[in-house]
Every structure is written in structure tokens, then in C-alpha cells.
Amino acid sequence: MTIPRMTVLVVGATGSIGRLVVEEAVRQRHAVRALVRNPGKAGQLPREAQVVLGDVTRPDTLSGAVDGVDAIVFTLGSDGAGKVGAASVDYGGVRNVLGALGSRKARIALMTSIGVTNRTGAYNRTTEAHDCKRRSEKVVRASGLPHTIVRPGWFDYNGPDEHRLVLLQGDRRQAGDPSDGAVARRQIAEVLVRSLVSDQALRKTFELIATAGPAPKDLDALFAPLDPDPLGALDGVRDMANMPLGDEPQRVRDDLEAMLADRPTNG
Ligand SMILES: NC(=O)c1ccc[n+]([C@@H]2O[C@H](COP(=O)([O-])OP(=O)(O)OC[C@H]3O[C@@H](n4cnc5c(N)ncnc54)[C@H](OP(=O)(O)O)[C@@H]3O)[C@@H](O)[C@H]2O)c1
């Protein structure tokens, strides 16, 4: 199969997953643009990647990054920055990049986390990181853009023989430790990049883990049986309805309502 060549923006490009996404997208012969907030980290990226400077918390820095892109992969993380970081980066960063894109169309791959719908665990109560990542999912769905949302298990906690990918829906694994499932960073990057060109991955939200066995050769065969997110819905298909829009902070309701009002009719 010939993979179409796209211009792919990676948001979170200097992170532990984003760096691998850049490498994988270069390997799949896409033109890769890496959003970098710290110029000192640009040298870590493959020379084929075009580096654009920008900070997702500053919308005025983002217009050059989104100009002319066909696809955007989000692997942002605000780990260690508490509730303020979660709100401004994990959620606000995605909202701001989509805002900079405006009415232009792009394929989206968003990475969040297994257990993202768990609101009552200690991690979310301390950081609100799950809630903010889930809001980033909602803003992507509300945009009407063609999307895939990947919720990986624990990074690199898989055993050396565990590369058989398993895609789950409904987010029912919520122990908050590696017993929820694990997956190699490199396989997460591969799934994110491959989803951009897959009709079978369109409008699908899934948890991604690995079990004993070899890596799959055909990712489309794994995407195909999954249920798509219902058109116009803010939650992933089969997610718990434990985050009603009416209970959301006013600023989030305003963002989502503005996105829904502006969504393309052909999304
Ligand atoms: N560890 C796990 O097992 C696991 C499992 C599932 C999900 N997750 C989640 O996955 C996320 C990403 O993981 P990771 O390991 O790739 O994170 P990471 O290494 O911390 O990378 C985060 C990326 O976001 C960028 N970033 C942060 N704030 C930014 C801003 N204001 N403007 C532009 N870029 C910004 C960082 O840039 P800099 O390099 O400049 O800081 C970096 O490129 C985390 O939030 C984590 O919670 C983790």
C-alpha cells in the first residue's frame, strides 16, 4: 500500500513519545514539523524535521506552526506542573492549537491516557490531569475534524515479549497502576502516525496496551472492528457519562460551544 505523504505537525515533539512520533513520521516519509518551545532541545530531533518555535500556552506563537499542515499529532504533557499545567497545557494547549488552525481542515491524532475517565483517584484529585486530558478529547471531537484518540497504557512497562497490540474501548481499566496495561513507547508512536492515513481509525477512541506476542503487521485490521465516536458526541463511545457538560467550568463550556458552532459541516 502506498502511504500518502502529509505535512505533519507534532505538538509535544521533544517529549518521550513526541520524539518517537517525529522519527516514525519521518520514517513513513511524511514532511514533519516539530513544535518546540525550548530552542535548546531542537538539536535532539532528526535533521529531516522542520523545527518551529512556539508555546501552546501562547496562542500568538502558533500561527506559523499550523500553516499548511495536513495533520497534527498531540503528545503534550504537563507532568509535575499540577492543576495549572494540566489546564493550560494538556487542555488549553490542544484548544489553542485547534484555535490557531481555525476553519482549516487537518487530520488529528491525540494521545491522552488509559484511565482518563477516572475522576475520583488520587492522581486526578491532585492534578486534574485526567479531567484536562479528557477535555482535550472533547474539544477535538467538538471540532468536527477527522480524528483518532489513543489512550495508551503504562509506557514501556511491557515485558520483552509483549508487543501484540490490544485496542480496548470504554476505559474500564482504572487501577491507576501498570496492571491496567502497558505498551512500548515506540509502538504508541507507530499507532499515532499510522492512524493519520487510516480510514479505519477515523473517529475512533481506544485504549492501547500490549500482551504477549509479536507486533502486528496490519494496524488497519486492529482499527477496523472498533466503534466510532458517535457524530456530534463529546465523549468517546462507551465512556462513562461521569463528566456532564452542564457541570463543566464555564470557560470549558464556552470553548466547547464555540467549537461546536464552528465545526465544518463535512467533518
Ligand atoms: N508514563 C506513562 O506510563 C503514561 C501513560 C499514559 C499517558 N501518559 C501521559 O503522556 C503524556 C506525555 O508523555 P511524555 O512522556 O511524552 O511527556 P514528556 O516527555 O514530559 O513530553 C511532554 C511534551 O510536551 C511539551 N510541552 C509541555 N508544555 C508545553 C508548552 N507550553 N508548549 C509547547 N510544548 C509543551 C514538552 O516540551 P519540553 O520538552 O520543552 O518540556 C514535551 O515536548 C504525559 O502527560 C503523561 O501523563 C503517560
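Keep in mind it's a predicted model, so treat the numbers as computed, not measured. The first residue in the sequence is number 1, and the count goes up from there. Values reported hereafter were calculated over all heavy atoms of this structure, with side chains retained and with hydrogens, waters and symmetry mates removed. One-based numbering, in listed order, for ligands and for the atoms of each.
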With a 4.0 Å cut-off on heavy atoms, is [X] touching ligand 1?
X	result
Arg19	no
Arg58	no
Val36	no
Pro178	no
Gly93	no

Task: Heavy atom of the protein closest to atom 1 (N) of ligand 1 (residue, atom name, distance) - done: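 Residue, atom and distance for the closest contact: Phe155 CD1, 3.4 Å.
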- [ ] Provide, to 0.1 Å, the distance between atom 47 (O) of ligand 1 and the closest protein heavy atom, together with that atom's residue and name.
- [x]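 Answer, as residue, atom name and distance: Asp79 OD1, 3.1 Å.
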- [ ] Look at the side chain of Glu207 and the backbone N and O of Asp171, then say whether any donor-acceptor pair between them is shorter than 3.5 Å.
- [x]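 Side chain of Glu207 to backbone of Asp171: a pair is present.
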State plainly whether the residues [X] and [Y] are in salt-bridge range, i.e. N to O under 4.0 Å.
X	Y	answer
Arg203	Asp227	no
Asp235	Arg134	yes
Arg186	Asp156	no

Candidate with minimal heavy-atom separation from [atom], of [options]:
atom	options	answer
atom 18 (P) of ligand 1	Gly80, Ala189, Gly15	Gly15
atom 26 (N) of ligand 1	Val150, Leu76, Thr61	Leu76
atom 12 (C) of ligand 1	Met111, Arg37, His130	Met111

TODO: Please say whether Leu35 places an N or O atom under 3.5 Å from an N or O atom belonging to ligand 1.
DONE: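 No, no N or O pair falls under 3.5 Å.
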Task: atom 20 (O) of ligand 1 protein-contacted (non-hydrogen atom, under 4.0 angstrom) - done: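 No, because not a single protein heavy atom sits under 4.0 Å from atom 20 (O) of ligand 1.
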- [ ] Go through the structure and list residues passing side chain to side chain contact (heavy atoms under 4.5 Å, CB included) with Val84, not counting sequence neighbours.
- [x]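 So Val84 forms no side chain to side chain contact (heavy atoms under 4.5 Å, CB included) with any residue.
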